[in-house]
Protein chains: 2
Amino acid sequence: MPAHEHPARPKRRDAALNSERLVQAAREVFARQGLSATLEDIAEQAGVGVGTVYRNFASKREIVETLYDEAIDSALADVRSALEIDDPWSAVVTFFEVTAASQARDRGLSETLLGHGGLGPRADTAEKLVATLTPLFDRAVTAGVLRAGVTTTDVLPLFAMLNAVYGMSDANPDLWRRYLALLLDGLRATDRPALPVPALDLASFTAAFSAGA
Amino acid sequence: MPAHEHPARPKRRDAALNSERLVQAAREVFARQGLSATLEDIAEQAGVGVGTVYRNFASKREIVETLYDEAIDSALADVRSALEIDDPWSAVVTFFEVTAASQARDRGLSETLLGHGGLGPRADTAEKLVATLTPLFDRAVTAGVLRAGVTTTDVLPLFAMLNAVYGMSDANPDLWRRYLALLLDGLRATDRPALPVPALDLASFTAAFSAGA
DNA sequence: TCGTAACCGGAATATCTTATTCCGCTTACG
DNA sequence: CGTAAGCGGAATAAGATATTCCGGTTACGA
């Protein structure tokens, strides 16, 4: 908020409370149901009427932007903090596990990052993502722990795949870990033949990343 | 068509032609765009008006049923024909490749099988699917080529994952093969630790299978 | 070549869904 | 207490898309 804000009269106490409740409710509902959740779902979760939603946000889009604006930065931060792990392979594994765990926990987040919601990631995000991932992957390649041919552009398809499993079974919320383990085994250096079909090139990656579904 | 059909007067030639065109058009459009394709898309592809669609089918649902009624049986047939391959591991690989290839080629098909369209698979289909897959997997286990703990219920998540990649890049229509290879490597017997998190049990599998998205 | 029943195209209509607006009623608080 | 800030939620606006309808065409048998 602008620094020159009129301290004016503060919000009425009940209004301020509703405001907080709404943000919290939006987080929970989007996390559980994804970005296609209804404003009425959110209002109900917050225990208020839809009118109150609009007294706090100009539109649904604004709510989504408010909540997930830093989503991508946060994902990039996960990459960087994985780089602090000494063992190159552990770092890769940790990156995937931490990132996937956030997405499994928050369907709105994964939709935002995969562009399945309305507003796809901004155009330059793809490049930034690749740039950030490069050190992590390079180090693993140098150490000889990453399978030949695996590149940074593989992460989009890999997360898209995991995304398909997140909510599959209410009884097994951690089911995705099983398939992530499978994928990581395939990603690890082996004496097996190289993968068929090359990874996406940068152009295709960017296109796919900005496309969504 | 009933055997006691009045030979009556045959359809007008143009009408018969349109009929064929429509079925063909529906196949193409559903394959390309998935079951959410519009009846108008189909009519346009066939070069007719929407009215004509309704002179041939009572509803959109009927079109989908007509086209994908045998989809599941066909998938089951793929399993059985994979069983005719002598090498147990090749059989598993072939099953995945053949089945995934059909689905990559036809988005309507994969949506039907994964229940992403309107009409999910019928209730008893899950059991039938598991029953059919069992010999294929059992043989691979006996031969010691399948990783410990991998079961028939893994196929649903695995195909769901592949489904997320099928249309990802127009420039690389075969990209899915790259990730299928990765998954198959993980599925193959190794001396690596067992997978974390068990596979779905039958009840969860059935539930997930009938759920869709 | 005609007459006409069978067919057509595609605009109009019926439904749904969900975002967004509005307004009469409440309530916090000076 | 008075009243402006807030509120709930019905009403409205819009966008999709399945389905219906009907005036205009066309195949085809006589």
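Bear in mind the structure is a predicted one, so any value in this text is a computation, not a measurement. Per chain, numbering begins at 1; letters A, B, ... match sequence-line order.
Within the 3.5 Å criterion, the main-chain N or O of A/Ala82 finds no donor-acceptor partner in the side chain of A/Thr94. A donor-acceptor contact shorter than 3.5 Å links the side chain of A/Thr151 to the backbone of A/Thr153.
The aromatic rings of A/Phe96 and A/Phe159 lie parallel to each other, with less than 30° between the two planes, well short of the 60° mark.
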Under 3.5 Å, N/O pairs linking protein and nucleotides 28-30 of chain C:
{"unit_1": "C/dA28", "atom_1": "O4'", "unit_2": "A/Arg12", "atom_2": "NE", "d": "3.3"}
{"unit_1": "C/dC29", "atom_1": "OP1", "unit_2": "A/Arg13", "atom_2": "N", "d": "2.9"}
{"unit_1": "C/dC29", "atom_1": "OP2", "unit_2": "A/Arg13", "atom_2": "NH2", "d": "3.4"}

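Sorted by first then second residue, the salt bridge (charged side-chain N to carboxylate O under 4.0 Å, His left out) pairs that include residues 174-183 of chain B, not counting sequence neighbours, are A/Asp154-B/Arg178, B/Asp174-B/Arg177.
In this structure, B/Glu44 atom CD and C/dC8 atom P are separated by 18 Å, rounded to whole Å. Atom-to-atom, CG of B/Leu39 to C1' of C/dA11 comes out at 16 Å; the value is rounded to the nearest Å. When rounded to the nearest whole Å, the span between CD of B/Glu40 and C1' of D/dT20 equals 14 Å. Atom CZ of B/Arg61 and atom P of D/dT17 are 18 Å apart (whole Å). One interatomic measurement links the two molecules: CD1 of B/Ile63 to P of D/dT17, which rounds to 15 Å at whole-angstrom precision.
The two atoms that bring A/Ala208 and B/Met168 nearest to each other are CB-O, 3.5 Å, heavy atoms only.
Remark: nothing in residues 15-25 of chain B comes within less than 4.0 Å of DNA chain D through any heavy atom. Contacts of residues 45-60 of chain A with DNA chain C (heavy atom under 4.0 Å): A/Tyr54, A/Ser59, A/Lys60.
Rounding to the nearest 0.5 angstrom, the gap separating the CG atom in A/Asn163 from the CG atom in A/Leu113 is 9.5 Å. Interatomic distance, A/Glu127 CD to A/Phe205 CZ, rounded to the nearest 0.5 Å: 10.5 Å.
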Run the side chain to side chain contact (heavy atoms under 4.5 Å, CB included) test on B/Trp89 and B/Leu187 for me, step by step, so that the C-alpha distance in whole Å, both residues' side-chain angles and the decisive distance to 0.1 Å come before the verdict. CA-CA 10 Å; B/Trp89 180 247; B/Leu187 251 27; 4.1 Å; yes
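For the side chain to side chain contact (heavy atoms under 4.5 Å, CB included) test with B/Leu67, the passing option among B/Asp106, B/Val23, B/Thr112, B/Leu35 is B/Val23; the others fail.
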Under 3.5 Å, which donor-acceptor pairs do the side chains of residues 131-138 of chain B form with other protein atoms, sequence neighbours left out?
{"unit_1": "B/Thr132", "atom_1": "OG1", "unit_2": "B/Lys128", "atom_2": "O", "d": "2.8"}
{"unit_1": "B/Thr134", "atom_1": "OG1", "unit_2": "B/Val130", "atom_2": "O", "d": "2.7"}

Would you mind writing out the side-chain donor-acceptor pairs for residues 43-52 of chain B within the sub-3.5 Å range, not counting sequence neighbours?
{"unit_1": "B/Gln45", "atom_1": "OE1", "unit_2": "B/Arg32", "atom_2": "NH2", "d": "3.4"}
{"unit_1": "B/Gln45", "atom_1": "NE2", "unit_2": "B/Glu28", "atom_2": "OE1", "d": "2.5"}
{"unit_1": "B/Thr52", "atom_1": "OG1", "unit_2": "B/Arg55", "atom_2": "NH1", "d": "3.3"}

